[in-house]
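Order of the sequence lines sets the chain letters (A, B, ...), proteins ahead of strands, with each chain counted from 1.
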There are 2 protein chains.
Amino acid sequence: MEHAGNGRQKARPGRLDRGIVMRAALNLVDEHGLEALSMRRLGQVLKRDPMALYRHAAAGRKEVLAGIAELVLDELQPFADDTHWQTQLRRIAHELRRVCLLHPNVVPLLVTGPLSTPLGLRPAGTLKPLEQILGILIRAGFGPADALHVYRTFYGFLYGHILNELQEYVADPEENEALLRLGLYRLPLRDFPHLRRLAPELLDYDGSEELDQGISILLAGLGQQLSHR
Amino acid sequence: MEHAGNGRQKARPGRLDRGIVMRAALNLVDEHGLEALSMRRLGQVLKRDPMALYRHAAAGRKEVLAGIAELVLDELQPFADDTHWQTQLRRIAHELRRVCLLHPNVVPLLVTGPLSTPLGLRPAGTLKPLEQILGILIRAGFGPADALHVYRTFYGFLYGHILNELQEYVADPEENEALLRLGLYRLPLRDFPHLRRLAPELLDYDGSEELDQGISILLAGLGQQLSHR
DNA sequence: GCCTAATGTCTACACTGTAGGTACATTCAC
DNA sequence: GTGAATGTACCTACAGTGTAGACATTAGGC
């Protein structure tokens with residue numbers, strides 16, 4: 001699969017580098033979850049001594065995790081920024097959603113990883129979306145400070161939606177239905193009247209549609225704020 | 001600290017129960033972070049054999065984590081629901097924010113914990129806010145299905161904001177300032193013009209204010225959606 | 001050739017979650 | 001009371017984990 005056959009002499013196991021290690025780690029996490037990522041297992045996958053990873057790729061497990069997150073964010077595809085700012089925001093949202101759904105196991109890293117990593121020290125790749133959105137908003141007429149607030153609201157909502165959607169999403173829909181019904185009927189009707197009535201709606205969840213609706217609400221609010229000044 | 005001196009005979013170490021264990025675990029996580037929570041260390045704090053925990057409190061570490069999350073959510077204080085629906089939503093938001101800031105180390109559990117726990121199987125305590133907000137929205141005039149969508153948007157935004165705020169928040173503000181300046185000046189001006197200009201605004205972050213602004217945007221959008229049907 | 005620096009490999013330590021067994025205490029039926 | 005049954009406590013053991021440190025091997029420069 002991987003095996004970037006570097007053309008030096010010591011090509012026996014295929015020379016190791018940071019990129020290869022990180023990609024292997026991402027594969028591992030995608031397939032077997034975050035907990036499956038251990039230095040030893042990673043070494044096993046790469047057919048290398050676990051300690052070799054420390055020399056080439058990372059100073060420790062944490063750094064591997066950070067590397068994975070960065071790798072996933074690098075999958076975000078850039079856009080031409082010629083359309084209306086609202087459609088641009090919409091596109092960005094769907095693009096982030098797309099990438100996150102491709103790597104659901106990595107999402108916890110994305111949302112909680114940068115915790116306690118001060119903004120100034122984050123890798124440039126992580127800051128690009130921020131800069132991009134600031135640009136869009138400022139060109140749309142927001143003042144720089146307002147643009148920052150709006151960015152936070154927008155991105156906050158975005159991450160929130162993605163977390164929501166990942167919770168809603170369950171592998172097997174049929175099992176999901178059974179579980180849901182069982183679970184809901186367990187709840188006392190007097191305490192959870194609305195929730196129990198909404199069982200059918202809970203079952204057909206369309207994440208993309210849901211995201212669009214949320215953004216529409218946000219944009220309506222934003223438009224209003226923009227015109228009121 | 002804990003030591004609920006139960007009045008039986010074998011009161012030497014003070015009889016163990018699930019509540020005590022969970023509270024001790026929460027303390028541990030609050031003070032030393034999620035990684036510090038191990039069954040062995042928890043046993044040490046409680047002066048019990050680690051294996052005793054398995055008998056009394058939980059089937060494993062995962063269950064302890066779930067218990068912690070539940071415990072934190074139980075700290076949410078209920079409201080009288082007599083005011084305007086918008087003020088109610090605002091209160092709920094601030095209340096959740098308050099509790100999360102009290103237990104920042106637990107937030108990752110709250111946002112990613114219920115992942116892959118189907119909605120129907122979550123503990124009733126976790127579902128109460130959902131039911132509550134559905135009620136508020138339906139009484140405000142939303143149809144049940146719309147109320148569900150709005151709930152998702154609202155809660156998604158809420159969790160997103162909290163994650164954002166926890167990222168912004170750093171222990172020592174002075175160090176924060178130094179780091180930020182250092183970090184931002186490292187970024188090439190041509191690629192990050194807006195971000196570098198916003199350094200001062202990045203420094204004084206008021207989470208409560210920020211949350212309020214976001215909610216205002218949301219509510220403006222919601223009001224518009226509500227009147228358009 | 002040899003010297004230096006980089007790289008690979010192995011061992012070892014201090015941890016982790018938790019299955020399984022054993023010794024003790026308490027409780028209940030009679 | 002006695003005996004059985006049940007619950008509790010504790011220990012040991014196993015298969016993992018991250019990673020520091022020492023050692024062997026190799027590559028490159030001269």
Starting at atom [atom1] of [X], determine the distance to atom [atom2] of [N], rounded to an integer number of angstrom.
| X | N | atom1 | atom2 | answer |
| --- | --- | --- | --- | --- |
| A/Glu63 | D/dT19 | CD | P | 10 Å |
| B/Arg41 | C/dA14 | CZ | C1' | 14 Å |
| A/Lys47 | C/dT9 | NZ | P | 14 Å |
| A/Gln44 | D/dT17 | CD | C1' | 13 Å |
| B/Met39 | D/dC11 | CE | P | 17 Å |
| B/Arg61 | D/dT17 | CZ | P | 15 Å |
| B/Asp17 | D/dG7 | CG | C1' | 16 Å |

Rounded to the nearest 0.5 Å, the CZ atom of A/Arg23 sits from the CG atom of A/Leu46 at a distance of 11.0 Å
Just how far is it from atom OH of A/Tyr159 to atom OG1 of A/Thr112, taken to the nearest 0.5 Å? 10.5 Å
Which one, D/dT8, C/dG17, D/dT17, comes nearest to the side chain of B/Tyr54? C/dG17
Would you please name every residue forming a side-chain hydrogen bond (donor to acceptor under 3.5 Å, both in side chains) with [X], sequence neighbours left out?
| X | answer |
| --- | --- |
| A/Glu75 | A/His103 |
| B/Glu165 | B/Arg97, B/His161 |
| B/Glu131 | A/His194 |

Please classify the nucleic acid contact of B/Ala52 as base, sugar-phosphate, or nothing, using heavy-atom distances under 4.0 Å. nothing
Does A/Arg40 make a side-chain donor-acceptor contact with the base of D/dG18, cut-off 3.5 Å? yes
Per nearest nucleotide of DNA chain C, the residue lying toward the 5' end, B/Ala59 or A/Asp49, is A/Asp49
Return the polar atom pairs (N/O with N/O) between nucleotides 20-22 of chain C and the protein under 3.5 Å, or none.
none

With nearest nucleotides of DNA chain D determined for B/His56 and A/Lys62 from heavy-atom distances, which residue corresponds to the more 5′ nucleotide? B/His56
Counterpart residues, salt bridge (charged side-chain N to carboxylate O under 4.0 Å, His left out), relative to B/Asp212 (two or more places apart): B/Arg90
With sequence neighbours excluded, what pairs up with A/Arg186 under the salt bridge (charged side-chain N to carboxylate O under 4.0 Å, His left out) test? none
